[in-house]
Every structure is written in structure tokens, then in C-alpha cells.
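Along the sequence shown, residues are numbered consecutively beginning with 1. Values in this document were obtained by computation on a predicted structure and should not be read as measured data.
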Amino acid sequence: MNNKRIAVIGCGNLGSAIVQGLIDHADVSNENITATKRHIESIQHFATEGVRITSDNAKAIQESDIILVALKPYNILETLQEVQQEIEPGRHTIISLATGVSLDELHGAIGHHVEIFRAMPNTAADVSESVTCICTDSTDSQRSQEVEELFNSIGSSIFIEEELMESATILGACGIAYVLRFMRAMVQGGIEIGFDADTATRIVNQTVKGASELLIQRDSHPEEEIDKVTTPKGCTITGLNQMEHHGFSSALIQGIVASFNKIDD
């Protein structure tokens, strides 16, 4: 990867998070990263790290090998049509981060054969802890390996079927917000039982991180770890049951399903 030139087209929140993750952890020189945005003032800080900054998408594509297109679904196809002459079959790898825009639609916008991937990372890419789901119709195993390596540098990646990409958006990308809202509620509860906001936040942050690491490192089921801390007539089971009486799990599941249904609205 260290000899590959990477362009991130459209550095909003997600695009910028990916650029920062690449700067911090990817096996690629900062001068081989190009970041684009219509108004470059908000991403000018990347230039101090050696990243090339431009508002010219065509120029960024010309000077790069791997193109991450971090544009919104409503304008990604139009933008790809505008720069299709700059995309070279055999040379460029295109990675779309747009929800709900299929591989077929992406191929149609570009108008000639090129290796295309869809990927759904999340904003934890900023601290190299994203989970990225990837799909492709490419048969080029070398390119697939390069794309996987790229996203592994900002977290971990999973190849899935294209029909699950919208589900991946909800669970992995929107999921960041769900977890953060849960954490915010825990902090508020901590304040109500006596902690100041800063101390409650520190306790909650580490508790959530620790819970995740338990599941990751032990490859265990959440209920298995829950059982270890729920003693008979104890305070943990009392709190869990009270949450369930108020629909905690049901509300979360319904929220996930509602978000998924919104994609097709």
C-alpha cells in the first residue's frame, strides 16, 4: 500500500475521518493522500500533515490510483459522470461510500469497465477503530486484497454480499450514534446517582470499551458475560429487568429496523 496514491473525494465528516485514520495508521505516505472538498477551508488542517488538498476532483483522480468517493447518494452518480473521462480501466480502483447506490448504478455512471467496490465504514475511522463492510463484483483478488488492507488500516473489515450493504450501513455506521446515545444516557444516570459529569463520562467510556473488548478477545456471547455479573437478587439484574420492563431492547431493535426502512423512503 505504501506506493499507492489515494484520493478521498468529498471530505465531509466520514471522508475526513477516513483521511485522519490514513494519516495516523495507514501504510501510505501522507503526500500520497489527496483530500477534496468544494470549499477546502474546513480541511486545510490536513495540509499541515503533508496531505494534498484540492477542490478539483478530476485532478485528484488523475494523480491517484485508489479513489474513495465519500459523496452523498444524491450527487455521487452525477459527480462520477462528470469525471468519467479521468477514470482509467486497469489503473483505477473506485470505492463508493454512498448508501443505497448499487454497483450497477456506479458502473452505469462511469460508462466503461473499471473495478468498483462499495464500502461502509463509520466515523470511528478517525481513531482507526472503524468496522467496514465491503462488497464488489470484481474478480481481481489483488485489488480486493488492497481494498481490505486499506480499510484494515483504519479498523477492521468484512466482505459481505451487496444485498446486505444497506443493513451494514444501519448496524455499523448509524450504530455509532445508537451506542453514543446509550452512553450519554448512562452518563446522565451516573450524574443522577452522584457523579459529576466528567467523572461519569470517564467511567462510562471505559466501561463500554471494556465490555467490547470482553466480547472481542473472548469471542463470547453478550449473555454469557451478562450472566457473570448478575447475581441472585442483586442490583445488576434488578436494573436490567427494570430497563426491559420499559422496552429497552425492543426500542433499540425497533430503531434499527426504522432506520433500515428509511433508506428506501
* Asked: Without hydrogens or angle criteria, can the side chains of Thr123 and Asp126 be said to hold a donor-acceptor pair below 3.5 Å?
  ->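 Short answer, no.
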Can you tell me how far the [atom1] atom of [X] sits from the [atom2] atom of [Y], to the nearest 0.5 Å?
{"X": "Leu164", "Y": "Met120", "atom1": "CG", "atom2": "CE", "value": "13.5 Å"}
{"X": "Ile66", "Y": "Glu149", "atom1": "CD1", "atom2": "CD", "value": "8.5 Å"}
{"X": "Ile18", "Y": "Ile154", "atom1": "CD1", "atom2": "CD1", "value": "5.0 Å"}
{"X": "Ile76", "Y": "Leu106", "atom1": "CD1", "atom2": "CG", "value": "5.5 Å"}
{"X": "Thr201", "Y": "Met186", "atom1": "OG1", "atom2": "CE", "value": "11.0 Å"}
{"X": "Ile53", "Y": "Cys11", "atom1": "CD1", "atom2": "SG", "value": "7.0 Å"}

* Asked: With Gln242, which of His245, His246, Glu244 fulfils side chain to side chain donor-acceptor pair (under 3.5 Å)?
  ->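 When side chain to side chain donor-acceptor pair (under 3.5 Å) is applied between Gln242 and each of His245, His246, Glu244, only His246 qualifies.
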* **side chain to side chain donor-acceptor pair (under 3.5 Å) partner of Lys37, the single match among Ser55, Ser16, Ser42** =>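 Per the side chain to side chain donor-acceptor pair (under 3.5 Å) rule, the option paired with Lys37 is Ser42, out of Ser55, Ser16, Ser42.
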Mind checking whether [X] and [Y] have side chains closer than 4.5 Å, heavy atoms only?
{"X": "Phe151", "Y": "Ser130", "value": "no"}
{"X": "Asp65", "Y": "Asn32", "value": "no"}
{"X": "Arg5", "Y": "Thr34", "value": "no"}
{"X": "Leu150", "Y": "Leu68", "value": "yes"}

Please say whether more than 12 non-hydrogen atoms of neighbouring residues, nucleotides or ligands are located less than 6.0 Å from [atom1] in [X].
{"X": "Glu213", "atom1": "CD", "answer": "yes"}
{"X": "Lys228", "atom1": "NZ", "answer": "yes"}
{"X": "Asp219", "atom1": "CG", "answer": "no"}
{"X": "Arg91", "atom1": "CZ", "answer": "yes"}
{"X": "Asp198", "atom1": "CG", "answer": "yes"}
{"X": "Phe195", "atom1": "CZ", "answer": "no"}
{"X": "His39", "atom1": "NE2", "answer": "no"}
{"X": "Leu214", "atom1": "CG", "answer": "yes"}

Regarding [X] and [Y], does a basic nitrogen lie under 4.0 Å from an acidic carboxylate oxygen?
{"X": "Glu162", "Y": "Arg118", "value": "yes"}
{"X": "Arg218", "Y": "Glu224", "value": "no"}
{"X": "Arg143", "Y": "Glu146", "value": "no"}

Quick check: does any side chain N or O of [X] sit under 3.5 Å from a backbone N or O of [Y], one acting as donor and the other as acceptor?
{"X": "Gln44", "Y": "Glu41", "value": "no"}
{"X": "Thr136", "Y": "Ile116", "value": "yes"}
{"X": "Asp24", "Y": "Val127", "value": "no"}
{"X": "Ser102", "Y": "Glu105", "value": "yes"}
{"X": "Glu166", "Y": "Gly100", "value": "yes"}
{"X": "Ser29", "Y": "Glu31", "value": "no"}
{"X": "Ser156", "Y": "Asn152", "value": "no"}
{"X": "Thr36", "Y": "Gly10", "value": "yes"}

For residues [X] and [Y], report the shortest heavy-atom separation together with the two atoms involved.
{"X": "Val28", "Y": "Leu22", "result": "CG1-O, 4.5 Å"}
{"X": "His92", "Y": "Ser64", "result": "NE2-O, 2.9 Å"}
{"X": "Ala58", "Y": "Glu86", "result": "CB-CG, 3.8 Å"}
{"X": "Ser144", "Y": "Phe117", "result": "OG-CE2, 3.5 Å"}
{"X": "Phe260", "Y": "Ser167", "result": "CE1-OG, 3.4 Å"}
{"X": "Gly172", "Y": "Asn122", "result": "O-ND2, 2.9 Å"}

Out of curiosity, does [Y] fall in the hydrophobic cluster containing [X] (side-chain heavy atoms, cut-off under 4.5 Å, transitive links)?
{"X": "Ile253", "Y": "Phe182", "answer": "no"}
{"X": "Ile191", "Y": "Val204", "answer": "yes"}
{"X": "Ile43", "Y": "Val8", "answer": "yes"}
{"X": "Met165", "Y": "Leu171", "answer": "no"}

* Under the side-chain contact (heavy atoms from CB on, under 4.5 Å) rule, what do Val69 and Thr79 come out as? Steps first, then yes or no, please. => CA-CA 9 Å; Val69 190; Thr79 301; 5.8 Å; no
* Asked: For the residue pair His107 and His113, does the interplanar ring angle fall in the parallel (under 30°), tilted (30 to 60°) or perpendicular (over 60°) class?
  ->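 Ring orientation of His107 relative to His113: parallel.
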